[in-house]
K.L.:
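Structure below; questions to follow.
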Amino acid sequence: MAEREMNMAKPTLLLIDGNSLAFRAFYAMINQVERFVNHEGLHTNALVAFNNFLDGIVEPFDPDYALVAWDAGKTTFRTDKYDDYKGNRDKTPSELSEQFPYLREMVTLHGIYSYELPNYEADDIIGTTAKDAQAKGFDVTIVTGDRDMLQLVDEHIEVWITKKGVSELEHNDLAMVDEKYDGLTPAQIVDVKGLQGDTSDNYPGVAGIGPKTAIKLIKAYHSIPELYEHIDELKANKQKEKLVNGEADAKMSRDLARIRTDAPVEFELDDLKYTGPDYENIIPFYQQLDFKQQLAKLANQGHVLGASISGDASEETAAPSTTPVPLIRLSEDPTDLIPDYTDEISFYVELDDADYHTAAPVGFIFGNEAQGYVVGRDIDVLLIDPVKTMLENADVKKRVFNAKALYVLFLRYEVELQGLEYDILLMSYLVDTNDNSNDLGALAQQNDYYDVQTDEAVYGKGVKFEIPEDDQIFFEHLGQKARALEILPARLLQKLDDREQTDLYKNMELPLSIVLAEMEATGIKVDSQRLLMMGNDLAERLSDLEQKIYQEAGHEFNIQSPKQLGVVLFEEMGYKPIKKTKTGYSTSVEVLEQMQDVPIVKMILEYRQIAKIKSTYVEGLLRVVHGSDSKVHTHYIQTLTQTGRLSSTDPNLQNIPVRLEEGRLIRQAFVPSSSDCVLVSSDYSQIELRVLAHISGDKNMQAAFNADEDIHAATARRIFNLPEGEDIDPNMRRKAKAVNFGIVYGISDFGLAKNIGVSRKEAKEIIDTYFAEYPGIKQWSENIIDFARENGYVETMAHRRRYLPDMHAKNFNVRSFAERTAMNTPIQGSAADIIKIAMLNVQKALETEGLKTRMLLQVHDELIFEVPKAELEIIHELVPKVMDSAMALDVPLKVSSHEGATWYDAK
DNA sequence: CACACGTTT
DNA sequence: ACGTGAAACGTGTGT
């Protein structure tokens, strides 16, 4: 019997309320409505969410039959009966209504029957079909956002109600309805609704009867008709009066709430066979909607998206498959087969690890579509002529992905790559800083090219990462990458041009990538011995502190666990929690510093400080020192930050301690690589405020800088109305400094108050005075926010661009954050532009002067050099001169330099 | 993998 | 009333 049931499983039918889901989909993503707009200006947020629903829920469900029902129009038999039916609904926003035709097309392309019936609502189509199918032995599932549909639940009919947007569904079967309606049957829901009414569908029910009473009455009398048959039996009271008065309304409302199961639908169940997505035709549809993620997914599943090499647009979607990549595999006499490349080539080298300073190359490809691509595993081929010569020939332009990594790699083989013209990674980043994936496949997809898979898809990730042994698979992937490199530069150049970023790319970022490569490859020497000694010392202090802390606490616990520490302090020891985090008590410095008088807290603060130094800076640093040269070789990431700054990893040399003496000592471990060199550090003074003074045009701030005043003191004088010439109270200067910083970040009175320890009211007055004293800054802030709101992005002085889709967010916090970003990015980003130009010019000057000085590090407003003692004098003159003339502002740039035997001493 | 925390400019 | 200053990276805990 059991076996028979398994073999004879009922066919499944999925019925979807299209309108209801479309509304849910639209409002689920209403915050992002302006972010989802395709190239034709069509809003696509509901389409995106609806598509996710079709892919994420319908496809896995894989019904035998499926139907999406739509409302045909505004007038139905219900509006004939009751003029005001759904009469209080807001007009459908145009952003949604324009999506309906596409929603229907999308449904059809997913292999689902789409249907509407004049004079009826989607509910009635579904009700009719559900009951019909049930009678014919189907298992029916209904998906809707409308709880009224629960009335259709039956032995073989489930109703799934959308919960969160359209991505989560609540399953309702007979048992669920029984539970929710306190023992009532689905059919009785219309009776409850009839009494209680419905504000969203705008039918009245009985005035004064709510859901609780309605359920109680229907439980007692089974239905509205029966209730009124027995109305005389009711106790004479207010409730009875209401029911008597509302009889007509109740009966009409019940009628409106009742979903029809006899609508004159014109299809047969057989018409509803679910056929699954129509891949061939859904691709152009997705392309029209700019559904990049969907297209990427399809590409990764092996569907041919057909952006073929010919570039012929009309062929793009029609072409059934792409031309095979012309691969040239080398055999015994490799060089014979290598074409003579003279113009442009794609060039890509695959590494076995992300750290290109040490990774082993495991494959390469170079060439072009016309002459073919030479592909192989053994990189030695690249190190001998004729290939080596070609790689060093600036006239052969290379199209690459990550020029910096490639350049560093080849320095290892003493090859200086030339002609690195097109770096897809860098170009994509400049066009949109959010396109900062480190994967060629992913970036290609962001730029509408779908034939190259992501590395993760081909190689796997984490422990499963493996370069395929199969030449066919591996070389094909490399081939697709090379082809992407052939196609993408033209598209990206166009985009750069559209954004006036050609100069930024060609003359700043691209040459900078080579400068960075040389800095990384040079590296900075680390005195490991010194670090080890510091580590031992710190370990001792830690274990002392640890014992004392345990003693105070009365037992051992993990001091490094905020959770355990919270229990000790705020439960066992009974101190009052000052602040909470999402997960429990906060134990941050901010909190602990307010509890300084407690001995254990003081020790915990010290423990934290030392533990941080030991783990992050002593042990962390030692882990990444290269055995071969006792140096650390950081990786500057040029394509990550949203503002144009660099970032530094493995190790991060941009956050080496300096503020507190204990941590600052770490800098003693950074030393010159040779005994006849010293380290020189040159840093911009107040670069961000100078940039602000320039771009805002504020005359008062400009005057302060032009007179070489102490800007924080000058600000203090202004906001606290202090007389000229008199000494500034250090505390006032401190506050003024905090305000200056705050302004750069787009501060609130609350934030400033917290920061400098004054009342919020005082903070507000300070900010108001600040803006009154520096009116140009106030004006500029307002202007830049307006600009961002209108254009959706802000720019730096060098046309670096950051998109800010959240300027129109409904959520106050999200929007405010975008507004602060609109102010901060041009400031921080223009400062980044300036130091990047300075780096290029410094490097050029060092080369043309034939100096042995090497630029080692950049820390946002500071450059660190290794300088032979013989060159010290010239460097102290040359570097500040080059740095302060990097860009001409309306205020001077000021640079100071310091030298020392270690980084610590160069202060 | 997310969170809390702490370090820099 | 909301909730509250920008940009980053690394370590450790805990799920």
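Residue numbers begin at 1 in each chain, while the letters A, B, ... track the order of the sequences. All values below were derived from every heavy atom in this structure, side-chain atoms included, with hydrogens, water molecules and symmetry-related copies excluded.
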K.L.:
Salt bridge between A:Lys735 and A:Glu762, side-chain N to carboxylate O under 4.0 Å?
P.N.:
no
K.L.:
NA contact type, A:Thr587, heavy-atom cut-off 4.0 Å: base, sugar-phosphate, or nothing?
P.N.:
sugar-phosphate
K.L.:
Think A:Ser561 has a side-chain N or O under 4.0 angstrom from the OP1 or OP2 of C:dG14?
P.N.:
yes
K.L.:
Does a side-chain N or O of A:Thr583 approach OP1 or OP2 of B:dA4 to a distance below 4.0 Å, or not?
P.N.:
yes
K.L.:
Base, sugar-phosphate alone, or nothing: which one does A:Gln828 contact when heavy atoms must sit under 4.0 Å apart?
P.N.:
base
K.L.:
Counting any heavy atom closer than 4.0 Å, what does A:Arg802 reach on the DNA or RNA strands: base, sugar-phosphate only, or nothing?
P.N.:
sugar-phosphate
K.L.:
Is there a side-chain contact between A:Asn813 and the phosphate of C:dC2, meaning an N or O under 4.0 Å from OP1 or OP2?
P.N.:
no
K.L.:
If you take the centroid of each ring, where Trp contributes its six-membered ring, are A:Phe705 and A:His694 closer together than 6.0 Å?
P.N.:
no
K.L.:
Describe the nucleic acid contact of A:Arg664 in one word from base, sugar-phosphate, nothing, applying a heavy-atom distance below 4.0 Å.
P.N.:
nothing
K.L.:
Is there a Watson-Crick or G-U wobble partner for C:dC9 with both distances under 3.5 Å, and which nucleotide is it?
P.N.:
B:dG6
K.L.:
The side chain of A:Thr821 lies closest to which of these nucleotides: C:dG14, C:dA6, B:dT8?
P.N.:
C:dA6
K.L.:
Tell me whether the NZ or CZ atom of A:Lys907 lies within the 45° cone about the ring axis of A:Tyr904 and under 6.0 Å from its centre.
P.N.:
yes
